[in-house]
Amino acid sequence: MDEPGVSSEPNDPLRMRISDADRHEVAEALRRAAGEGRLDFDELDERLESAYAAKIYADLAPILADLPEEAPRLPATTGGAVPAAAPRIGAGVGEVSQFNTSTTIMGGVTRKGVWQVGARHTALALMGGVDIDLREVVFSERETEIVANAVMGGIDIVINARTKVIVDGVGIMGDFSQARDRVPPTLDEGSPVVRVKGIALMGAVTVVRKQMPGEPRPSCRPRRNPPLPPGPQLDHG
């Protein structure tokens, strides 16, 4: 049975497969709508789950139907190519808060959700902790430098699959490194670049790549051990 609003033509754009970038763009639109009070948290969770489970553009239609025109538009059913979702670099400038520093002394600071970062962000953790989540951030520049200095403290930086990261810091009786990716990178020519530099003095600066908020974790299928060869047959006669 054909889905409502979707033609049976094989070249109907709404029947085309969507990409992870499309799912992420829709998820960002849903979070903005929730921040504006258009969706409550239960509706947000339900729609995020549907967005990340979507396979074709038609699956996104009921998710976006009652949102304003600023939400991503689905391709028309009159044929033609489906435009690819572009990275949100520079988008939303002036609509979200911008933070240029994250500093804590014997305390904690967290930057997460939708916020704006400029060309340079400075983070200092002195006997405390700083969490910088860049997965939903609005980049005002194509390349961003984060100067992260941890002194007997810790700084955790989280990026998404589409962000290119260059970690170039120094650990002095501490650790300054990129942890194992939780999701595989999906980089292209339009990917934003984040350079992380600084010093970890008796502390730690860690960069890790994770799935988008609300996106289910990649399934880890258990490894199947090869069958053991048959053992020697005992003669009970």
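In this text the structure is predicted, and so the values were computed from the model without any measurement.
- The two residues Tyr57 and Arg17 have their closest heavy-atom pair at CE1-O, 3.9 Å.
- Note on Ile172 and Val151: same hydrophobic cluster, where clusters join Ile, Leu, Val, Met, Phe, Trp and Tyr whose side-chain heavy atoms are under 4.5 Å apart, directly or indirectly.
- In terms of hydrophobic clustering, with Ile, Leu, Val, Met, Phe, Trp and Tyr side chains grouped at heavy-atom distances under 4.5 Å, Met212 and Leu187 are assigned to different clusters.
- A continuous path of Ile, Leu, Val, Met, Phe, Trp and Tyr side chains, each step under 4.5 Å between heavy atoms, connects Tyr52 with Met16, placing both in one hydrophobic cluster.
- Using a 4.0 Å cut-off between charged side-chain N and carboxylate O, Arg209 and Asp181 make a salt bridge.
- Shown here for Ile155 and Ala123, the closest heavy-atom pair between the two residues is CD1-O, 3.9 Å.
- At a threshold of 4.5 Å between non-hydrogen side-chain atoms, the residues Ile166 and Val193 count as touching.
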Chi angles and distances behind the side chain to side chain donor-acceptor pair (under 3.5 Å) call for His121, Ser102: CA-CA 8 Å; His121 186 93; Ser102 299; 2.8 Å; yes

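- Contact record, Ala58 with Pro62: O-CD, 3.7 Å, taken as the closest heavy-atom pair.
- Between Thr186 atom OG1 and Asn160 atom CG the span is 7.5 Å, to the nearest 0.5 Å.
- With contacts defined as side-chain heavy-atom distances shorter than 4.5 Å, the pair Phe176/Val205 qualifies.
- In this structure, Asp175 CG and Thr206 OG1 are separated by 5.5 Å, a value rounded to the nearest 0.5 Å.
- A pairwise comparison of heavy atoms in Gly154 and Ala125 identifies O-CB, 3.7 Å as the closest pair.
- Inter-residue side-chain proximity for Val114 and Val138 is flagged as met; some heavy-atom pair is nearer than 4.5 Å.
- Note on Val147: it does not cluster hydrophobically with Val109, by side-chain heavy-atom contacts below 4.5 Å among ILVMFWY residues.
- A salt bridge between Glu145 and Arg195 is absent, with no side-chain N of the basic residue lying under 4.0 Å from a carboxylate O of the acidic one.
- Between Leu39 and Arg47, some side-chain heavy-atom pair lies under the 4.5 Å cut-off.
- For Ser140 against Ala119, the heavy-atom pair with the smallest separation is OG-N, 4.2 Å.
- In this structure, the side chains of Val137 and Phe99 stay at 4.5 Å or more apart for every pair of heavy atoms.
- Counting heavy atoms from C-beta on, the side chains of Leu44 and Glu46 never come closer than 4.5 Å.
- Rounded to the nearest 0.5 Å, atoms CD1 (Ile146) and CG (Leu134) are 4.5 Å apart.
- Under the 4.5 Å side-chain contact rule for hydrophobic residues, Leu201 and Met106 share a cluster.
- Minimum interatomic distance between Arg180 and Val208 (heavy atoms only, all atoms of both residues): O-CG2, 3.8 Å.
- Asn149 places no side-chain N or O within donor-acceptor distance of the main-chain N or O of Gly198, the cut-off being under 3.5 Å.
- Atom CG of Asp66 and atom CZ of Arg38 lie 10.0 Å apart (nearest 0.5 Å).
- The backbone N or O of Asp40 sits less than 3.5 Å from a side-chain atom of Glu43, completing a donor-acceptor pair.
- A 4.5 Å side-chain heavy-atom check between Thr104 and Leu126 finds every atom pair outside the cut-off.
- Of the charged side-chain nitrogens involved, none lies within less than 4.0 Å of a carboxylate oxygen, so that Lys210 and Asp133 do not count as a salt-bridged pair.
- If you take CD1 on Ile157 and CZ on Arg135, they are separated by 13.5 Å, rounding to the nearest 0.5 Å.
- At a threshold of 4.0 Å, the pair Arg23-Asp59 does not count as salt-bridged, since none of the basic side-chain nitrogens sits closer than that to a carboxylate oxygen.
- In this structure, CD in Glu143 is found 12.5 Å from OG in Ser191, a value given to the nearest 0.5 Å.
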